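Here the structure is a predicted model, which is why all the values come from computation and not from measurement.
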Amino acid sequence: MSIFHDEGASLTQSSEVRTLIPAPRRFPVQHHEDYILKILQDVGLVTRKQIDAARGKLNGAPSVVDLLVKDGVLSESDISRTLAAQAHMDWIDISAMPIPPEVIKQIRAEDARRFKVIPVAFGETGLVVAVSDPLDIDTIDSLSFLLQRALELVCTSPEKIREALIKYYGTADEAADILQERIGEDVDLGLEIGEEVGVTETDEADAPIIRMVSMLIVEAHRSGASDIHLEPLDKKFRVRFRIDGVLQEMQAPPKRLQSAIISRLKIMTGSMSIAEKRLPQDGRIQVKIKKKPIDLRVSTIPTNHGESVVMRVLDKSSLLLGLPELGFFSDDQETFERLIKLPDGILLVTGPTGSGKTSTLYACLNYINKPDRKIITVEEPIEYQMTGINQVQVNPEIGMTFPAALRSMLRQAPNIIMIGEIRDLETASIATNASLTGHLVFSTLHTNDAPSAVARLIDIGVQPFLVASSIRAIMAQRLVRRICPNCKQPAELSETEMRALRIEPGQTRDAQVMRGVGCDLCRGTGYKGRMGIFEIFIIDDEVRHMINKRSSTLTLRQRARELGMRTLREDGVRKVLAGLTTADEVISITIGDVS
């Protein structure tokens, strides 16, 4: 049965209901439930023993079916699918399909809630309506009589109906309830930074919005999201979480709550103007979730359908990782530990935005942070606060630029300096001079691979002899998704994957290639968490000589390979063969190696 009508034709005024149910049988409530239980028992979803056990402990529960669902014996989806099959009715997942506003308007909010139905589309002969119990003939007849029009029925689960009622007809309070059900009750969300608003009548009216925004932040944190995207579109207010580097769409609040939600977030920052909607704004929110401090960097930008908001979730506890958690194999970790213990010189970490450079630098500082060392950082902004380290915030508006901060820092007699990013000649020159006067300098640079960093510094304007004498090592990195430990299964590489990664058949003999099949823990993606793949370029005397001669990046890369440098793709292949990530991930995130 086709449930979509391309032209959206008007509906005929008739009481005909196309239910496709055998002769309607009206039962008292108890008999109706007994009939459903018999169907479920006949198809093997539940046993007589389980039904009797549920009856014995009913104790005020709404029904035996509800108790069986609560105990995990049955699922709402299984029940609705079975009843749909019994009634010869299509079962659909309404959460996976957009429903146009003109369809939603066909049934009033109060009627949709009363009958627990959702209009889905304009069908060939009438309005397509999703129900959760196709055997409830009284409800179907009453709805048909009320609407006075032809209906085409499809079936979905009660859970999908509840979520759709919130999405298309709901209030902020109901939307918050859905989030609360999803994440549980044990939530401790306290406002740490931002304007504290006294309790007034207006605040009480806004309480559902406040609760919904709080629940949204908590759900993002529990999902492991790195950022939250709130995007106003033409007919919806889209919410997406970036989980393990991939954007995933979440349950959206009603479009009409868009302005209230954005205003609430601005209030929480304490620094953003609610009235200003024409210019980009930035702010910061600090909250506690289960007594764990979480920072959110908030950015808004005006779009044609309203302000788009992006919040970056900064979990301080998740960043203070050890080097093994970053994804190093033991040999690379040993090399890297030796490099970060050097007394002077520059160690660069390179890669595009979002490749984990900041996490790596903080892990380095965490590893070498000892009472006998003075460490100073210059950052814009300071993303994570670390105990025992002097962190300086860049503020160009008052003249506190990277170069100005660096010049002052050197008078503080530090042992180790971290510069958030080398962006210009002045910053690069000060960093170079600091390294040549006995300081160990950590910094980042935006280049695609490690050898390219040399050419980048020379392009900025640093003299080749200064680059050659100051740089100790350059490490390029990318992030790939880890295979979910809960659902990973042995797999085999296809010929195409082996050819793309240049894997010889002999290399797979002792390999442990894995692939995630998808589960609730990983939201069906097959991946959970991320790890780094690395390319470590150590500068030796011959390389220094080549830099002085302004050798090309290709020549430097060839020399680095001779010295034993593994490329990003080669390190990724090792992790594929070890069952840590997949070939798809490595191929998509790296480029082929030059022969």
Would you say the side chains of Glu337 and Gln333 form a donor-acceptor pair under 3.5 Å? yes

Measuring from atom NZ of Lys575 to atom CD1 of Ile483, what distance do you get when rounded to the nearest 0.5 angstrom? 13.0 Å

State, yes or no, whether a side-chain contact exists between Leu265 and Val213 at a heavy-atom distance under 4.5 Å. yes

Residues 524-534, side-chain donor-acceptor partners within the protein, below 3.5 Å, at least two apart:
residue: Thr525; atom: OG1; partner: Cys522; partner atom: O; Å: 2.8
residue: Thr525; atom: OG1; partner: Tyr527; partner atom: N; Å: 3.2
residue: Thr525; atom: OG1; partner: Tyr527; partner atom: O; Å: 3.1
residue: Tyr527; atom: OH; partner: Thr582; partner atom: OG1; Å: 2.7

Residues 430-439 side chain polar contacts: donor-acceptor under 3.5 Å, at least two apart:
residue: Thr432; atom: OG1; partner: Ala428; partner atom: O; Å: 2.7
residue: Asn433; atom: ND2; partner: Ser429; partner atom: O; Å: 3.2
residue: Ser435; atom: OG; partner: Thr432; partner atom: O; Å: 2.6
residue: Thr437; atom: OG1; partner: Asn433; partner atom: O; Å: 3.0
residue: Thr437; atom: OG1; partner: Ala434; partner atom: O; Å: 3.0
residue: Thr437; atom: OG1; partner: His439; partner atom: ND1; Å: 3.3
residue: His439; atom: ND1; partner: Ala434; partner atom: O; Å: 2.9
residue: His439; atom: NE2; partner: Pro414; partner atom: O; Å: 3.4

Main-chain N/O of Phe237 paired to Lys255 side chain as donor or acceptor, under 3.5 Å: no

Assess the residue pair Val349 and Phe442 against the criterion (side-chain contact (heavy atoms from CB on, under 4.5 Å)); give the C-alpha distance rounded to whole Å, side-chain angles, the decisive distance to 0.1 Å, and a yes or no. CA-CA 8 Å; Val349 181; Phe442 295 104; over 6 Å; no

Does Arg569 use its side chain to pair, donor to acceptor, with the backbone of Thr590 at less than 3.5 Å? yes

Between Thr300 and Gln281 (side chain of the first, backbone of the second, donor and acceptor by atom type, cut-off under 3.5 Å), is there such a pair? yes

Start with the C-alpha distance between Glu219 and Arg222, add both sets of side-chain angles, then the distance that settles salt bridge (charged side-chain N to carboxylate O under 4.0 Å, His left out), and finish with yes or no. CA-CA 5 Å; Glu219 186 181 19; Arg222 293 198 176 184; over 6 Å; no

Between the side chain of Glu535 and the main-chain N/O of Ala476, is any donor-acceptor distance below 3.5 Å? no

What salt bridge (Lys or Arg N to Asp or Glu O under 4.0 Å) pairs are there with at least one residue in residues 465-484, not counting sequence neighbours? Asp344-Arg472, Arg481-Glu585

Which residues pass the ring pair (Phe, Tyr, Trp, His ring centres under 6.0 Å) test with Phe336, not counting sequence neighbours? Phe328

Check side chain to side chain contact (heavy atoms under 4.5 Å, CB included) between Thr353 and all other residues, then give those that pass, not counting sequence neighbours. His446

For a 4.5 angstrom cut-off between non-hydrogen side-chain atoms, does Met565 reach Arg557? yes

Is the shortest side-chain N to carboxylate O distance from Glu276 to Arg278 below 4.0 Å? yes

Going by atom type alone, with no hydrogens or angles, which donor-acceptor pairs under 3.5 Å involve a side-chain atom of residues 454-464 and a protein atom two or more places apart or on another chain?
none

Any sub-3.5 Å donor-acceptor pair from Gln507's side-chain atoms to Leu577's backbone N or O? no

Side-chain donor or acceptor of Arg238 paired with backbone N/O of Glu231 under 3.5 Å: no

In terms of side-chain geometry, is the basic nitrogen of Asp295 or Arg284 positioned less than 4.0 Å from the acidic oxygen of its partner? yes

Quick one: does any side-chain atom of Gln477 pair with a main-chain N or O of Ser355 as donor and acceptor, under 3.5 Å? yes

